[in-house]
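Please read the structure below before turning to the comments.
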Amino acid sequence: MSPMMRATTDNGLLAPVPDADGAPFWDFAARGELRIQICSDCREPRFPPRPCCPKCHSFTSSWRLTSGTGHIWSYVRPHPPLLPGYAAHAPYNVVLVELADAPGIRLVGNLVASPDAEIDSAAPEDLRIGAAVRAVFPRVQGMTLPRWTPERS
């Protein structure tokens, strides 16, 4: 969630800093909903949230509920970690997930073994391009951070 992830928590992990455009995303996540901004005129989904549609240049938008499913489009396993707060979790993963019902919309997060698991909990075999995943919404240090779990068939 690149431009919205700037601050760090007390333990040095990245924390969201919602702006006016992105605040609804975090409000919905706190309710356990993965919603994305869509243009009210041309219906084009967009992420990250912004005031103007890049396709038709409209300034009207709404928030559409998604299925919360997708697939791993790309991933990295930083070791050593880029920030000191992540040292205890290394090696951990950072995934880029393309949403199933909004192709082209990709969200950054971590693949975890279960909703309340740590960022280094995913089994290595679950971390592969194309793997099906589902959004989960754990509370982490007083905030809700969307993460991803493997979708079992």
Path from Leu34 to Leu65 over hydrophobic side-chain contacts below 4.5 Å: no
Val108 reachable from Val136 in the ILVMFWY side-chain graph, under 4.5 Å edges: no
Report yes if some heavy atom in the side chain of [X] is under 4.5 Å from a heavy atom in the side chain of [Y]; otherwise report no.
X	Y	answer
Cys53	Cys42	yes
Arg147	Pro138	yes
Asn93	Val112	no
Pro91	Pro78	no
Val94	Tyr75	no
Pro146	Phe25	yes
Asn110	Val95	no
Arg43	Ser62	yes

Calculate, to the nearest 0.5 Å, the distance between atoms [atom1] and [atom2] belonging to [X] and [Y] respectively.
X	Y	atom1	atom2	value
Phe137	Glu33	CZ	CD	8.0 Å
Trp26	Met143	CH2	CE	9.0 Å
Phe59	Cys39	CZ	SG	10.5 Å
Leu99	Thr66	CG	OG1	5.5 Å
Ile38	Phe47	CD1	CZ	15.0 Å
Arg106	Ser74	CZ	OG	9.5 Å

Residues Asp21, Arg46: salt bridge by 4.0 Å N-O rule: no
Among Val133, Ile119, Thr149, side chain to side chain contact (heavy atoms under 4.5 Å, CB included) partner for Leu111: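 Of all the options given, the one that passes is Val133.
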Matching residue for Trp148 among Leu107, Thr69, Ile72 - test: side chain to side chain contact (heavy atoms under 4.5 Å, CB included): Leu107
Please give me the minimum heavy-atom distance between [X] and [Y], naming the atom from each residue.
X	Y	result
Asp101	Ser67	OD2-N, 2.8 Å
Asp41	Ser58	OD2-OG, 2.6 Å
Ala88	Asp120	O-OD2, 4.1 Å
Ala29	Thr144	O-CG2, 3.2 Å

Backbone of Pro48 reached by a side-chain donor or acceptor of Arg50 within 3.5 Å: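 Side chain of Arg50 to backbone of Pro48, a donor-acceptor pair under 3.5 Å: yes, one is there.
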NZ or CZ of Arg35 within 45° of Trp63 ring axis and under 6.0 Å: no
Evaluation steps, side chain to side chain contact (heavy atoms under 4.5 Å, CB included), between Tyr86 and Leu14: CA-CA 9 Å; Tyr86 289 81; Leu14 291 174; 3.4 Å; yes
Pair Arg77-Leu127, side chain to side chain contact (heavy atoms under 4.5 Å, CB included): steps then yes or no: CA-CA 10 Å; Arg77 290 191 64 200; Leu127 195 60; 3.4 Å; yes
